[in-house]
Undergrad: 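Encoded as structure tokens, here's the structure I'll be asking about.
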Amino acid sequence: MKPVLEILEQRISKALRQTTGLAVCPAIVRPTADGRFGDYQVNGIMPAAKQLKTNPRQLAEKVVAQMNISDICQPVEIAGPGFINLRLKPEFLANALLEIYKDKKLGIEQTANSQTVVVDYSGPNIAKQMHVGHLRSTIIGDCVSRMLECLGHNVIRQNHIGDWGTQFGMLIAYFNHFYLNPSIAAHPGQDHYAVLNDSLRISDLEDFYRKAKELYDKDPEFAEESRRVVVKLHSHDLAIQSHWQHIVDESREHYQPIYKRLNVTLTSKDECGESVYADKLPDVVKTLKDKKLAVESVGAICVFPEGFKSKEGEPLPFIVQKSDGAFLYATTDLAAIRFRLQDLHANRVIYVTDARQALHFKMLFAVVKMAGWADESVKLEHVTFGTMLGADGKPFKTRTGGTVKLAELLDEAVERAKAVVDEKNPDLPEQQRQKIAQAVGIGAVKYADYSNNRDSDYIFSFDKMLAMDGNTAPYMQYAYARIRSIERKAEQEGLNIQKELTGICEILLSDPAEQALARQLIQYSQAILNAAADCRPNYLTGYLYELSQAFSRFYNVCPVLQSEGQIRAARLVLCDVTARTIRHGMTELLGIEVPEQM
RNA sequence: GCGCCCGUAGCUCAGCUGGAUAGAGCAACGGAUUUCUAAUCCGUAGGUCAGGAGUUCGAAUCUCUUCGGGCGCGCCA
């Protein structure tokens, strides 16, 4: 089902072109900011009139005479300097609502040109626990993936895990030095790797990591040993590699449950980390050299894309091989993007990482274009986001200044939600309260992130995100629970909603609150399109909030079960479509559960 | 020094290729409950959209500039 906005845009644009003879003059139809101006307004008359040096109101009249929207809108009104105000016909609104009611996909239109879209997100570091810094990439990327998929694109998720850096040299060297070697010395002949691997947990790893880093920084001998281990790992030394594999597996055991808690769709199948590209790096550099793009500079191999300057105003290098011969993240990113373009045949590649890496990606994309790996039609995008801040406006840290572990953050959110559920709904069984707390707590954290414009930094506050008022997960969940409650009550009273609505072919929307709710409901498809186009989940949360508000207003003035006949049928349809829309938006697109009761 | 992002109500934030009198929530004040979950709804008050200049029928939005905050800029990722 085509969004109304799109139909209006097309038809009015056509009339505008016919009237003016201009090849390009969009109607620019937008929802009105103010209800007094109707449901939609046409903004495109004035720019067109400007171009033709004619009076906008007169042009508007001609366009109105030319356009054919009488099946959708009431007689239009020309207002202000040259706006055309559009009001949907009640019959049209009712029919559109009915159509959505009958559509399993709630009127969401499948895209006509489906693309293969690679979305690179989350990318946790192996051997470290996930912390709050990983939250935004993980959930924003997940929402973007879900939205694009929902619109009919072929989404390939890529979890570019950090599993190949120098940190493994340190980690394994440290481990050998302090654990393995003493163990061998004390008990020769045992399978020490197996014993140690079994006892190695992520929390240990992290501790080792910190200590190893310290040692690495102050002990040149240990640093040298670490580098030797990295070389061994990279040359596929079996013992070292099995150790590495264990660390990777152990880390996965840590972050997969977090994905599950967060209701993030990433699975181990989506993992395609640094190590996967390790063997391709020499060829990447060679290819760039062969194309005369990569050249030596101060001992390193660099590409100099146009338009990038260093502090000194000189051309800024994109270093693909260090002077010691080692490859670095730029090389890996090149190998990865080449794979995505040439082997995965991506039409669009989206990187969801924080804004600090903007320059890196600009240069990366520039090099890709120089190398000719992507044709003009391919879109390479860096979807950036700001930092999570604490109440003091500084980067979010624990009281002692450490990084906040994601698992602990989620624990606290659930704990706080549980306290509220216990207070508000003590009669529900403990197990159910626990489940609700889970949905509310985790949902609140995710929703708070989604509802902010991703460009800006935002202040993390449990109190704000768990509030029942305002643009929060609990508000949305509450609206949903109320609808389900109506349906439960109906069933208790022996009313079979399914039966009541079977074969319904006409809806009567008489109350303004009903109409307002219906108007909101038929715009769902458009809201997803807008959010997906710019990779901005906050457009979607904004829509869902307006929807829930429209529902709450309706709920307050339009009793459902006390009403009768056609009115009750219409209200039941409104409830049904609202519930399904909220559930779809929250569950399918944002990955936030909506409890049946709360 | 150069580049990117940000600056909107007391606080936290929206504002969709430029559109009409800039919107929410919190906090403050006043109302609504014999009714399907009041975790709700309605109303009042609150603004030099950081400052200035420009583009134009029209600017929070585009351009330039100043100020303030954050981040980045050759072998880390």
Side-chain angles (χ1 to χ4, degrees), chain A residues 26 28 30-34 36-37 41 43-44 46-47 49-50 56 79-83 85 123 125 162 165-167 274 297-302 308-314 316-324 326 328-330 332-333 353-360 362 384 386-387 389 393 395 420-421 423-425 440 451-453 455-459 461 463-464 467-472 474-475 477-479 481-490 493 526-527 530-531 533-534 536 538-539 541-542 545-546 549 552-553 555-562 571 575 597-598:
Chain A
I28 315 180
R30 292 285 175 273
T32 52
D34 189 324
R36 281 173 304 160
F37 300 134
Q41 62 186 53
N43 294 338
M46 291 163 288
K50 170 80 181 168
F83 296 101
N85 293 340
N125 294 322
T166 46
Q167 75 265 31
E274 293 168 348
S297 167
V298 207
I301 309 297
C302 313
F308 297 93
K309 281 187 197 150
S310 72
K311 273 183 216 170
E312 293 73 30
E314 280 154 29
L316 188 65
F318 191 67
I319 301 173
V320 295
Q321 189 169 17
K322 302 202 288 184
S323 49
D324 66 1
L328 53 170
Y329 78 118
T332 307
D333 276 352
T353 76
D354 70 287
R356 287 175 304 191
Q357 297 185 52
L359 182 62
H360 167 70
K362 265 189 191 164
T384 61
T387 315
L389 307 174
V420 181
V421 179
E423 186 207 334
K424 297 283 183 188
N425 233 331
V440 172
S451 59
N452 276 280
N453 179 335
D455 289 322
S456 37
D457 298 342
Y458 77 95
I459 294 182
S461 158
D463 291 335
K464 291 244 157 62
M468 308 300 164
D469 304 309
N471 191 5
T472 65
Y475 181 87
Q477 290 166 325
Y478 179 60
R482 285 171 120 186
I483 302 174
R484 303 295 295 153
S485 175
I486 293 173
E487 292 169 358
R488 272 194 304 275
K489 177 115 184 194
E493 292 177 0
Q526 186 68 50
N530 290 346
D534 286 354
R536 294 193 180 275
N538 69 310
Y539 289 179
T541 57
Y545 181 46
E546 282 173 21
Q549 278 183 312
S552 289
R553 287 182 195 123
Y555 181 94
N556 244 269
V557 294
C558 298
V560 177
L561 299 178
Q562 264 89 26
R571 291 180 180 175
C575 285
Q597 293 179 55
M598 68 182 280

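Letters A, B, ... are given to chains in the order of the sequence lines, protein chains preceding strands, and every chain is numbered from 1. What you are looking at is a predicted structure, and each value in this text was computed from that prediction instead of being measured.
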Undergrad: Between atom NZ in A:Lys309 and atom P in B:rC2, what is the gap in whole Å?
TA: 10 Å
Undergrad: From the set B:rC26, B:rU21, B:rC36, return the single nucleotide nearest to any side-chain atom of A:Pro559.
TA: B:rC36
Undergrad: Planes under 30° and centres closer than 5.5 Å, is that true for A:Phe37 with the base of B:rA20?
TA: yes
Undergrad: Which of the following nucleotides, B:rG74, B:rC71, B:rC26, is nearest to the side chain of A:Arg356?
TA: B:rC71
Undergrad: Among the nucleotides B:rU37, B:rG19, B:rC13, which one has an atom lying closest to any side-chain atom of A:Gln597?
TA: B:rU37
Undergrad: Both distances below 3.5 Å, Watson-Crick or wobble geometry, any strand: find the nucleotide opposite B:rA28.
TA: B:rU44
Undergrad: Between B:rG74, B:rG25, B:rU37, which nucleotide gets closest to the side-chain atoms of A:Gln549?
TA: B:rG25
Undergrad: Could you check whether A:Glu274 gets within reach of a base, just the sugar-phosphate, or nothing at all, counting any heavy atom under 4.0 Å?
TA: sugar-phosphate
Undergrad: Taking the side chain as C-beta and beyond, is there a heavy-atom pair between A:Leu561 and A:Lys489 under 4.5 Å?
TA: yes
Undergrad: Between A:Ala300 and A:Asn453, which has a closest nucleotide on RNA chain B that is more 5'?
TA: A:Asn453
Undergrad: Could you give the distance from OG (A:Ser310) to CG (A:Leu316), rounded to the nearest 0.5 Å?
TA: 6.0 Å
Undergrad: For B:rG58, does the O4'-C1'-N9-C4 (purine) or O4'-C1'-N1-C2 (pyrimidine) torsion place it in syn, i.e. within 90° of 0, or in anti?
TA: anti
Undergrad: Say we look at B:rG47 and B:rA60: how far apart would their C1' atoms be, to the nearest angstrom?
TA: 12 Å
Undergrad: Measuring only the C1' atom in each nucleotide, how far is B:rU17 from B:rC64? A whole number of Å is fine.
TA: 22 Å
Undergrad: Using the closest heavy atom to pick a nucleotide of RNA chain B for each, name whichever of A:Thr387 or A:Lys489 lands nearer the 5' end.
TA: A:Lys489
Undergrad: Is there a Watson-Crick or G-U wobble partner for B:rG7 with both distances under 3.5 Å, and which nucleotide is it?
TA: B:rC67
Undergrad: Which nucleotide, if any, forms a Watson-Crick or G-U wobble pair with B:rG72, using both distances under 3.5 Å?
TA: B:rC2
Undergrad: Provide, to the nearest angstrom, the distance between the OH atom belonging to A:Tyr478 and the P atom belonging to B:rG25.
TA: 16 Å
Undergrad: How long is the line joining OH of A:Tyr555 and C1' of B:rU40, in whole Å?
TA: 8 Å
Undergrad: What's the separation between atom OH in A:Tyr555 and atom CD1 in A:Ile483, rounded to the nearest 0.5 Å?
TA: 9.5 Å
Undergrad: Tell me which nucleotide among B:rA39, B:rC41, B:rG25 gets nearest to the side chain of A:Arg553.
TA: B:rC41
Undergrad: With rounding to the closest Å, how many angstrom separate the C1' atoms on B:rU65 and B:rA28?
TA: 40 Å
Undergrad: If we take the C1' atom in both B:rG23 and B:rU35, what is their distance in whole Å?
TA: 32 Å
Undergrad: Report yes or no: does A:Ser552 contribute a side-chain atom to a donor-acceptor pair with the main-chain N or O of A:Gln549 at less than 3.5 Å?
TA: no
Undergrad: Work out how far the P atom of B:rC26 is from that of B:rG43, and round it to whole angstrom.
TA: 13 Å
Undergrad: Can you tell me the base-pairing partner of B:rG18? Count Watson-Crick or G-U wobble geometry only, both distances below 3.5 Å, and say none if there is no partner.
TA: none
Undergrad: Under a 3.5 Å limit for both distances, which nucleotide forms a Watson-Crick or G-U wobble pair with B:rA39, could you say?
TA: none
Undergrad: Ignoring hydrogens and angles, tell me if any N or O in the side chain of A:Arg571 forms a donor-acceptor pair with the backbone of A:Pro559 under 3.5 Å.
TA: yes
Undergrad: For B:rU33, give its Watson-Crick or G-U wobble partner with both distances under 3.5 Å, or none.
TA: none
Undergrad: Is A:Tyr475 stacked on the base of B:rA39 when the test is centres under 5.5 angstrom and planes under 30 degrees?
TA: no
Undergrad: Distance criterion of 3.5 Å, no angle test: do you see the side chain of A:Glu546 paired donor-to-acceptor with the base of B:rG23?
TA: no
Undergrad: Checking contacts here: which listed nucleotide (B:rG74, B:rG70, B:rC13) is nearest the side-chain heavy atoms of A:Lys311?
TA: B:rG74
Undergrad: Working to the nearest 0.5 angstrom, can you tell me the gap between A:Glu274 CD and A:Asp333 CG?
TA: 8.0 Å
Undergrad: Measure from the side chain of A:Asn538, starting at C-beta and using heavy atoms only, and say which of B:rA38, B:rG72, B:rA14 lies closest.
TA: B:rA14
Undergrad: Could you check which nucleotide pairs with B:rC13 in any of the strands shown, counting Watson-Crick or G-U wobble with both distances under 3.5 Å?
TA: B:rG23
Undergrad: If you only use heavy atoms from C-beta on, which nucleotide in B:rC26, B:rC41, B:rC16 is closest to the side chain of A:Ser552?
TA: B:rC41
Undergrad: Please state the C1' separation for the pair B:rC62 and B:rU56 - nearest whole angstrom.
TA: 11 Å
